[in-house]
Amino acid sequence: MSIISPLAQSLTPYVPGEQPRTDIPWIKLNTNENPYPPSPAVQPAIEQAIAHLPLYPEPTSRIVRQAVARRHGLTEQQVFIGNGSDDVLALCFPAFFQGQELPVRLADITYSFYQVYAALFGVPAETCPLDDAFQMPVDAFCQGPCAGVLLTNPNAPTGLSLPLCAIERVLQAQPDCLVLVDEAYVEFGAQSAVGLIDRYPNLLVVRTLSKSHGLAGLRVGYAMGQPPLIQALTSIKDSFNSYPVDRLAQAGAAAALADDAYTQHCCRKIIHTRAWFTQALRERGFDVLDSMANFVFARPADGDAVGLQAYLRSKGILVRHFDAPRIADRLRISIGTDCHMQALIEALDAR
Ligand SMILES: *Cc1c(COP(=O)(O)O)cnc(C)c1O
């Protein structure tokens, strides 16, 4: 007998990238945060919401659902809001996968939190290997029954994206299960599947304000799909936590979503920085995958990613390494400002 449940004892939790002390001027390129501040509309919106803090927030985050619906040409009934997209992804497991007996299908190299949720919710997971060029195993996703497909587009940590026709192929091959498309990085250049929602009742598109909107600290993410999917998520949410998104987060998120011009402006700057930084790494012998995200996945010429990570750390620059098969010789480097990336290149040249 133990006070701790067998489940809690068995879990291997997700390990987020290091959040170092903020009193040291790190150049932080390890967790894909946006180097630019959020829209200037966010601060006054949050300040106004303070007066209403004695009251519980609106449980479905209606003002955020309205802002998402307006931005993507959907109805409020097609939008679900969560406390970061990790919250939304977690709720998807009991809403769509738990108790189906069949496994959820996902790539072997992708966002590692999916496996953590699968273990937490007792959902078996079937991994399909990326091909030698790190492309998504679309054919394997299509073959045979499963409880659902988890697809990250662009994928993390590779940054490679899929064309919409590939996603449609999965949607058509798996009409009886949920196809979840995690678009955490889609605003940095990939094609969104949002336009397919009206045609596919099995499509759920998940997004976050953490990367593209400079609001990782606010914790707001959302899902978009046909109303029955949104109702299933709402029913799970209301069986767990009625108020996952607080008043300040709702006010800030709605303001940020309404200022699309600002978001596009910041994303364009990051795309521009990514282009010259990728080229600069390649000129220095790195193998760099063609990223459509706000990071690059790069292999130094000698394959010693761990040594390079330690060297960069000694220069005050944090990047992410994954000690996993096939990718241990690479680093995931978030795209910061031009200044940040110049500092990294200078550190490489000084080595
Ligand atoms: C960062 C990330 C998330 C989590 O985003 P939050 O909204 O901050 O919880 C989800 N999926 C992928 C692929 C990510 O990279």
Side-chain angles (χ1 to χ4, degrees), residues 13-19 28-35 38 42 61 64 68 79-93 104 106-118 120 125 127 130 134 136 148-162 167 179-190 192-193 204-224 233 237 241 244-246 249-250 252-253 256-257 263 267 270 274 289 291-297 319-322 324 327 332-335:
Y14 178 76
V15 183
E18 181 182 359
Q19 292 294 346
K28 205 177 163 305
L29 306 176
N30 65 334
T31 48
N32 299 342
E33 288 138 326
N34 200 308
V42 169
S61 304
V64 190
V68 170
V79 183
F80 178 85
I81 311 296
N83 184 3
S85 62
D86 286 340
D87 181 43
V88 178
L89 294 169
L91 296 174
C92 285
F93 280 73
V104 280
L106 69 164
D108 62 341
I109 298 167
T110 189
Y111 187 42
S112 53
F113 224 140
Y114 305 139
Q115 291 274 12
V116 177
Y117 293 133
L120 176 62
T127 53
L130 301 186
F134 293 107
M136 273 283 176
V149 178
L150 301 171
L151 220 156
T152 315
N153 192 38
N155 196 14
T158 65
L160 298 179
S161 68
L162 276 180
I167 290 171
V179 177
L180 188 158
V181 182
D182 184 343
E183 295 190 344
Y185 301 103
V186 80
E187 305 195 48
F188 301 103
S192 173
L204 191 76
V205 178
V206 177
R207 289 214 191 173
T208 173
L209 301 194
S210 296
K211 281 73 184 229
S212 48
H213 290 70
L215 286 171
L218 200 67
R219 310 306 304 132
V220 178
Y222 55 98
M224 298 170 285
L233 282 168
K237 169 187 85 76
N241 178 0
V245 186
D246 65 64
Q250 288 188 28
L257 285 159
T263 303
C267 290
I270 290 166
R274 180 181 72 202
L289 301 184
S291 174
M292 284 289 175
N294 67 340
F295 55 82
V296 295
F297 201 44
V319 299
R320 191 94 194 258
H321 175 257
F322 297 95
I327 57 170
R332 192 194 67 188
I333 307 172
S334 308
I335 303 298

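One-based numbering along the sequence shown. All values derive from a computational prediction rather than experimental measurement. We count ligands from 1, going down the list as the structure has it; atoms in each ligand are counted the same way.
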For ligand 1, which atoms have a heavy atom of [X] less than 4.0 angstrom away?
| X | result |
| --- | --- |
| Ala184 | 11 (N), 12 (C), 13 (C), 14 (C) |
| Gly84 | 7 (O), 9 (O) |
| Lys211 | 1 (C), 2 (C), 3 (C), 4 (C), 5 (O), 14 (C), 15 (O) |
| Ser210 | 6 (P), 7 (O), 8 (O) |
| Thr152 | 13 (C) |

Is the ring pair Phe113/Tyr14 parallel, tilted or perpendicular, if the boundaries are 30 and 60 degrees?
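Because their plane-to-plane angle is under 30°, the rings of Phe113 and Tyr14 count as parallel.
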Between the side chains of Tyr114 and Thr152, is a donor N or O closer than 3.5 angstrom to an acceptor N or O?
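Side chains of Tyr114 and Thr152: pair found under 3.5 Å.
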Using a 4.0 Å heavy-atom threshold (strictly under), name the region of Tyr185 that reaches ligand 1: side chain, backbone, both or neither.
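Only the side chain of Tyr185 comes within reach of ligand 1.
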Heavy atoms only, cut-off 4.0 Å: how does Asp86 contact ligand 1, side chain, backbone, both, or neither?
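Both parts.
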Top protein contact for atom 5 (O) of ligand 1, by heavy-atom distance:
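Going atom by atom, the protein heavy atom closest to atom 5 (O) of ligand 1 ends up being Ser85 OG, 3.0 Å.
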Atom 13 (C) of ligand 1 - nearest protein heavy atom and its distance:
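Checked against all protein heavy atoms, atom 13 (C) of ligand 1 sits closest to Asp182 OD2, 3.4 Å.
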For a 4.5 angstrom cut-off between non-hydrogen side-chain atoms, does Asp182 reach Tyr111?
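The answer is yes; the side chains approach within 4.5 Å.
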Whether the side chain of Asn30 engages the backbone of Arg320 through a donor-acceptor N/O pair (distance < 3.5 Å, no angle test) should be reported.
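Looks like no, no N/O pair under 3.5 Å.
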